Amino acid sequence: MTEEKSLNFIEEIIEEDLRTNKHGGRVLTRFPPEPNGYLHIGHAKSICLNFGLAKKYNGKTNLRFDDTNPVTEDVEYVDSIKNDIKWLGFEWDKELYTSDYFQKLYDFAVILIKKGLAYVDESSAEEIAAAKGTPTEAGKPTSARSRSVEDNLRLFEEMRAGRYQDGEMVLRAKIDLANPNMHLRDPLLYRIKHAHHHRTGNEWCIYPMYDFAHGQSDSIEEITHSVCTLEFIPHRDLYNWLIENIGIYESKQYEFARLNMTYTVMSKRRLLQLVNEKLVDGWDDPRMPTISGLRRRGYTAASIRNFCDRIGVAKRENMIDFGLLEFCIREDLNKTAWRRMAVLDPVKLIITNYPEGKEEILIGENNPEVEGGEGEREIPFSRELWIERDDFMEDAPKKFFRLGPDKQVRLKNAYIIQCDDFKKDSDGKVTEIHCSYIPNSKSGEDTSGLKVKGTIHWVSALHAKTAEVRLYDRLFQVENPVLEEDFKSTLNPDSLTIINAYIEPDLANAIVGRGYQFIRLGYFTLDKLTSSDKLIFNRTVGLRDNWAKETNK
RNA sequence: UGCCCGAUAGUAUAAUGGUAGUACAUCUGAUUUUGGUUCAGAUAGUCUAGGUUCGAACCCUGGUCGGGCAACCA
């Protein structure tokens, strides 16, 4: 008997609806992206919620593209969105498009006009905005508000027929110009756009506003629980007004707080700016909070799903520590990533008592977290090695468990060595470290009886291969960039560092899409730009580093 | 100064009128051929003032603070 996880407020609503048989036991949600950008981690929260709800309550989820604005939308985005959802591990029931409903929506508009609840207004955008008043001041009608039903019908038909230019007139709902909810002050329903639509081509020159499409689309599909983010709360009254006056299925909307994360931005508009201004290398730049960026960075779908599970669902504004996402990917990769050795900042180490020309093949487990280690790989060893520069200190503090004059460490999967000497150049930079090894201390057959505190990673200089390694840091320097006058001014100039590293030979067999732990360094994955003559690794995330914490005290 | 939403450890999120818990973060200690992992422990919270009640994080009222709303965007 496991302890039951507490319900979020939407699950509570659904369970209550199920209890009262409100929808005949039916649960149908939908995920409604606009195809005008790539999905980001905030969308992942919504995807996990909508698809997760359906899965949990034996329901279904539709994928519906909200494609009511042909000017900003594109099939490239449609394809990327479908790909990302599948990659995250979810399956939609129906693939739908708001544009499928253009005729229905047009008919709904006609119904409203005939009921005297909608009118064509030829006022300019500025005039209409001015006539809406302010939150504390009622709006005033434009002269168009009193137009006859017959004239409205005729004008709306003419709008559709292409008699008018973009912006010449709009269709508005006739609701209440004094309503404290600004969205009810005769909102726009249709506007003229002589634009090519990625699905309907040139069939239409008028397009419904989002507000005239979204709620009714939910209604057409008979969505039982329409889940969206907080900023649509004031729109709900309008959707309900439309549904009631058109007389269609009552779909109910519930709102939750969108995801915000530290040191990044979470709006398609801003992410698009970064892409367009070439401040990042496209939507899938590994520094981007997009699903495709995280995937390229080495994040797994499971880690993102776990993250979304952990952050919860509520109505209060929130700012999630980016460190939580990092915890989730470390948790996943620790269990699955194969261990390999690589040296990012090399210094030469010579084992003076190891015969010149001698080579040995040592064995290393692929994954110590799993019984049996998931097999093993061969690691060549020889007299000259590369080790990490900061694994050696001439004047080390007491608790430094690595190399230094007269100190002993174990070489991972190899021998214990003792530092005898080292060389420096004229700038005082260490150029060479001389050690002697303890022959009977070999990993797995150690009879030396020696105990050493530290183990360091290494790569045989003779056998090492090289790779480009891309080290990523947070994209922004401040926790919440949008608080700045210009969010781009806080971009972190050091968010990407490209270095060349020595890697153990087996890493040449690395596979795109797999995570590797470079021992003591972090998790890495092959970048899509890798070619046959050049390996490129992205650092997904570093290992937790308590030593760094200690030294920063 | 209109309307709407919200407020529980540093960050999130539970407790739905009856012992304020969990995760991340932080700090101790143990284990460790990764200063990783794992394990054990610690620190730390109900915005405020009233009211209802035997009893309030929870219900009511006022206040404070935060967020949203006046695109031919979604």
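Source: prediction; values computed, not measured. Every heavy atom of this structure was used, including side-chain atoms; hydrogens, water molecules and symmetry mates were not. Every chain is numbered from 1 and lettered A, B, ... according to where its sequence line falls, protein lines coming before strand lines.
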message: Looking only at the side chain of A129(A) (C-beta and beyond, no hydrogens), which of the listed nucleotides C72(B), A71(B), G35(B) gets closest?
response: A71(B)
Restricting to nitrogen or oxygen on both sides, can you table the protein-nucleotides 1-10 of chain B pairs closer than 3.5 Å?
| unit_1 | atom_1 | unit_2 | atom_2 | d |
| --- | --- | --- | --- | --- |
| G2(B) | N2 | P180(A) | O | 3.4 |
| G2(B) | N3 | P135(A) | O | 3.4 |
| A7(B) | OP1 | R316(A) | NH1 | 3.3 |
| U8(B) | O4 | R316(A) | NH2 | 3.1 |

- request: Determine, for nucleotides 16-23 of chain B in 5'-to-3' order, which nucleotides have protein heavy atoms under 4.0 Å from the base (write B), from only the sugar-phosphate (write S), or from neither (write -).
  value: B------S
- line: The Watson-Crick or G-U wobble partner of U22(B), with both key distances under 3.5 Å, is A12(B)
message: So, applying side-chain hydrogen bond (donor to acceptor under 3.5 Å, both in side chains) with H457(A), which one of R520(A), E504(A), K412(A) is it?
response: R520(A)
- line: All heavy atoms of L155(A) vs all of Y164(A), minimum pair found to be CD2-OH, 3.4 Å
- request: Calculate the interatomic distance between E126(A) atom CD and C72(B) atom C1'; express it in whole Å.
  value: 10 Å
message: If I pick the C1' atom on G35(B) and the same atom on U13(B), what distance separates them, to the nearest angstrom?
response: 32 Å
- prompt: Can you name the closest pair of heavy atoms from L189(A) and A118(A) and give their distance?
  reply: CD2-CB, 4.2 Å
field: Closest contact, heavy atoms only, I81(A) versus G37(A)
entry: CD1-O, 4.0 Å
- request: Any strand is fair game: report the nucleotide pairing with A57(B) by Watson-Crick or G-U wobble, both distances under 3.5 Å, or none.
  value: none
message: From C-beta outward on N318(A), which listed nucleotide comes closest to its side chain: U33(B), U13(B), U37(B)?
response: U13(B)
query: Does V120(A) offer a backbone N or O that forms a donor-acceptor pair with the side chain of N152(A) under 3.5 Å?
result: yes
- prompt: Roughly how far apart, to the nearest Å, are U48(B) and A42(B) at atom C1'?
  reply: 31 Å
field: Nucleotide nearest P368(A) (side chain, heavy atoms from C-beta), chosen from A74(B), A12(B), U34(B)
entry: U34(B)
message: Just N and O in the side chain of K549(A): are any of them under 4.0 Å from OP1 or OP2 of U28(B)?
response: no
- prompt: So which nucleotide does G45(B) pair with, by the Watson-Crick or G-U wobble rule with both distances under 3.5 Å?
  reply: none
query: Does U1(B) have a Watson-Crick or wobble partner in any strand here, with both distances under 3.5 angstrom, and which is it?
result: none
- prompt: Given atom CD of Q517(A) and atom C1' of G35(B), what is their separation to the nearest angstrom?
  reply: 13 Å
- prompt: When rounded to the nearest Å, what value does the distance between P atoms of C65(B) and A49(B) take?
  reply: 16 Å
query: Considering only side-chain heavy atoms of Y210(A), which listed nucleotide, C72(B), U34(B), A74(B), is closest?
result: A74(B)
Donor-acceptor pair under 3.5 Å, R402(A) side chain vs G35(B) base: yes
- request: Considering only NZ, NE, NH1 and NH2 on the basic side and carboxylate oxygens on the acidic side, decide whether R163(A) and E168(A) come within less than 4.0 Å.
  value: no
- request: Please work out which of the three classes, parallel, tilted or perpendicular, describes the rings of H235(A) and F232(A), given edges at 30° and 60°.
  value: perpendicular
message: Any N or O donor-acceptor pair under 3.5 Å from the base of U34(B) to the side chain of R520(A)?
response: no
task: Could you measure between the two P atoms, the one in U52(B) and the one in U61(B), and give it in whole Å?
output: 15 Å
- prompt: Looking at Y516(A), is R340(A) sitting on its ring face, NZ or CZ under 6.0 Å from the six-membered ring centre and within 45 degrees of the normal?
  reply: no
- request: Confirm from the modelled atom types if R339(A) and U34(B) form a donor-acceptor pair under 3.5 Å, side chain to base only.
  value: yes
field: P-based separation of U22(B) from A14(B) [nearest Å]
entry: 15 Å
message: I'd like to know if R30(A) and E221(A) make a salt bridge, using a cut-off of under 4.0 Å between side-chain N and carboxylate O.
response: no
- prompt: Considering every strand shown, what is the Watson-Crick or G-U wobble mate of U28(B) when both distances are under 3.5 Å?
  reply: A40(B)
field: Criterion ring pair (Phe, Tyr, Trp, His ring centres under 6.0 Å) on F524(A) and F537(A), from CA distance to verdict
entry: CA-CA 6 Å; F524(A) 294 76; F537(A) 284 95; 7.1 Å; no
- request: Could you state the atom-to-atom distance from CD of E231(A) to P of C69(B) in whole Å?
  value: 8 Å
- line: Among the nucleotides A74(B), A12(B), G35(B), whichever has the atom closest to the side chain of N546(A) is G35(B)
message: Heavy atoms from C-beta onward define the side chain here; which of A12(B), G35(B), A14(B) lies closest to that of F400(A)?
response: G35(B)
message: For the C1' atoms, the ones on C47(B) and on G6(B), what distance do you get once it is rounded to whole angstrom?
response: 12 Å
statement: I519(A) atom CD1 is separated from U34(B) atom C1', nearest whole Å, by 6 Å
field: G35(B) OP1/OP2 closer than 4.0 Å to side-chain N/O of R544(A)
entry: no
- prompt: On the ring face of F322(A), is R474(A) found with NZ or CZ under 6.0 Å from the centre and within 45° of the axis?
  reply: no
message: Taking any heavy-atom pair under 4.0 Å as a contact, classify F232(A): base, sugar-phosphate, or nothing.
response: base
statement: Paired to U64(B) by Watson-Crick or G-U wobble criteria (both distances under 3.5 Å) is A7(B)
message: With rounding to the closest Å, how many angstrom separate the P atoms on G18(B) and G10(B)?
response: 26 Å
Integer-rounded Å distance: G68(B) C1' and H235(A) NE2: 9 Å
task: Among N480(A), L274(A), V478(A), find the residue that satisfies the side chain to side chain contact (heavy atoms under 4.5 Å, CB included) test when tested with F487(A).
output: L274(A)
query: When you compare G68(B) with A12(B), how far apart are their P atoms, in angstrom units rounded to a whole number?
result: 16 Å
